[in-house]
Amino acid sequence: MFSVAVVEDDPITLDLITDALETKLNATVYPFSRSKFARDFLLQQTSNSISLVISDQVMPEFDGLSLLKTIQAKGLVIPFLLITADPHKDLVVEAKNLKVSGFLAKPLDMKDLINKSQEVMKALA
């Protein structure tokens with residue numbers, strides 16, 4: 001089973017991502033439009049219960065890298081794709097230091113989303 005937590009504060013983008021993952025990859029998707037709820041959910045998980053986290057970087061409450069730091073601090077090892085409209089140098093360096101699995105640029109290309117998600121699935125196999 002391939003399960004994905006998706007954290008995106010824009011509801012339309014969240015629906016598009018959820019639909020793409022469910023229809024193209026037959027994934028179980030846990031969608032969150034509020035990063036606080038996603039954080040609470042992720043802290044309840046194990047490295048085996050979630051296959052992938054896809055998160056927007058810029059959100060109210062917790063940004064994407066804050067979510068990644070939170071799950072890493074709990075000792076979870078979960079692949080993490082970061083969505084950003086502004087991949088500036090400092091963000092990319094910090095993300096790479098935190099071992100982000102990949103980046104997705106806004107506006108999102110659903111084919112790119114599926115391809116990167118499949119790459120993560122293959123790495124898990």
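Computed from a prediction, not measured in an experiment: that's the story for all the values here.
- For the pair I83 and S55, the minimum side-chain heavy-atom distance is 4.5 Å or more.
- Checked for salt-bridge contact, E94 and K89 miss the test: no charged N lies under 4.0 Å from a carboxylate O.
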Test log, rule side-chain contact (heavy atoms from CB on, under 4.5 Å), inputs D19 and D15 = CA-CA 6 Å; D19 183 62; D15 284 347; over 6 Å; no
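- A donor-acceptor pair under 3.5 Å is absent between the side-chain atoms of T84 and the main chain of V58, judged by distance alone.
- Scanning both residues, S101 and P79, for their nearest heavy atoms gives OG-CA, 3.4 Å.
- Summarising the geometry, atom CG belonging to L52 is positioned 5.0 Å from atom CG belonging to L81; distances are rounded to the nearest 0.5 Å.
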key: Verdict with reasoning, L21 to V6, per side-chain contact (heavy atoms from CB on, under 4.5 Å)   = CA-CA 10 Å; L21 292 169; V6 179; 3.7 Å; yes
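- Counting only heavy atoms from C-beta outward, the side chains of I17 and L113 approach each other to under 4.5 Å.
- S66 and D63 are linked by a side-chain donor-acceptor pair at a separation below 3.5 angstrom, with hydrogens and angles left out of the test.
- Taking CG from L42 and CD1 from I78, the interatomic distance works out to 6.0 Å, rounded to the nearest 0.5 Å.
- For D40, the salt bridge (charged side-chain N to carboxylate O under 4.0 Å, His left out) partners at least two apart in sequence or on another chain are K36.
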request  = Report the C-alpha separation of L68 and Q72 in whole Å, then their side-chain angles, then the decisive distance to 0.1 Å, and conclude whether the side-chain contact (heavy atoms from CB on, under 4.5 Å) test is met.
outcome  = CA-CA 6 Å; L68 178 57; Q72 288 177 342; 3.5 Å; yes
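- Of all non-hydrogen atoms in S47 and G75, the two that sit nearest each other are OG-O, 4.3 Å.
- Closest non-hydrogen pair, V4 versus A27, comes out as CG2-CB, 4.2 Å.
- Once rounded to the nearest 0.5 Å, the distance linking CZ of F41 with CZ of F32 reads 4.5 Å.
- The shortest side-chain heavy-atom distance between L65 and L91 falls under the 4.5 Å cut-off.
- Annotation: side chain of T18 is in contact with side chain of P31 (closest heavy-atom distance under 4.5 Å).
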ask   = Could you go step by step and tell me if F37 and V7 meet the side-chain contact (heavy atoms from CB on, under 4.5 Å) rule?
value = CA-CA 9 Å; F37 295 145; V7 191; over 6 Å; no
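- Between the side chain of S3 and the backbone N or O of S49 there is at least one donor-acceptor pair closer than 3.5 Å.
- With respect to D56 and K106, a salt bridge is recorded, a charged nitrogen being found less than 4.0 Å from a carboxylate O.
- Between the CG atom in D112 and the OG atom in S117 there is a gap of 9.0 Å [rounded to 0.5 Å].
- When the shell of 6.0 Å around NZ of K99 is examined, it contains 12 or fewer heavy atoms from other residues, nucleotides or ligands.
- In plain terms, the two heavy atoms of Q45 and L76 that are nearest each other are O-CD2, 3.5 Å.
- Here the side chains of M59 and L67 are in contact, with some heavy-atom distance below 4.5 Å.
- Contact of the L104 side chain with the I54 side chain is registered, since non-hydrogen atoms from C-beta on lie closer than 4.5 Å.
- Atom CD1 in I50 sits 11.5 Å away from atom CD in Q44 (nearest 0.5 Å).
- Distance check, rounded to the nearest 0.5 Å: CZ of F62 to CZ of R34 gives 10.5 Å.
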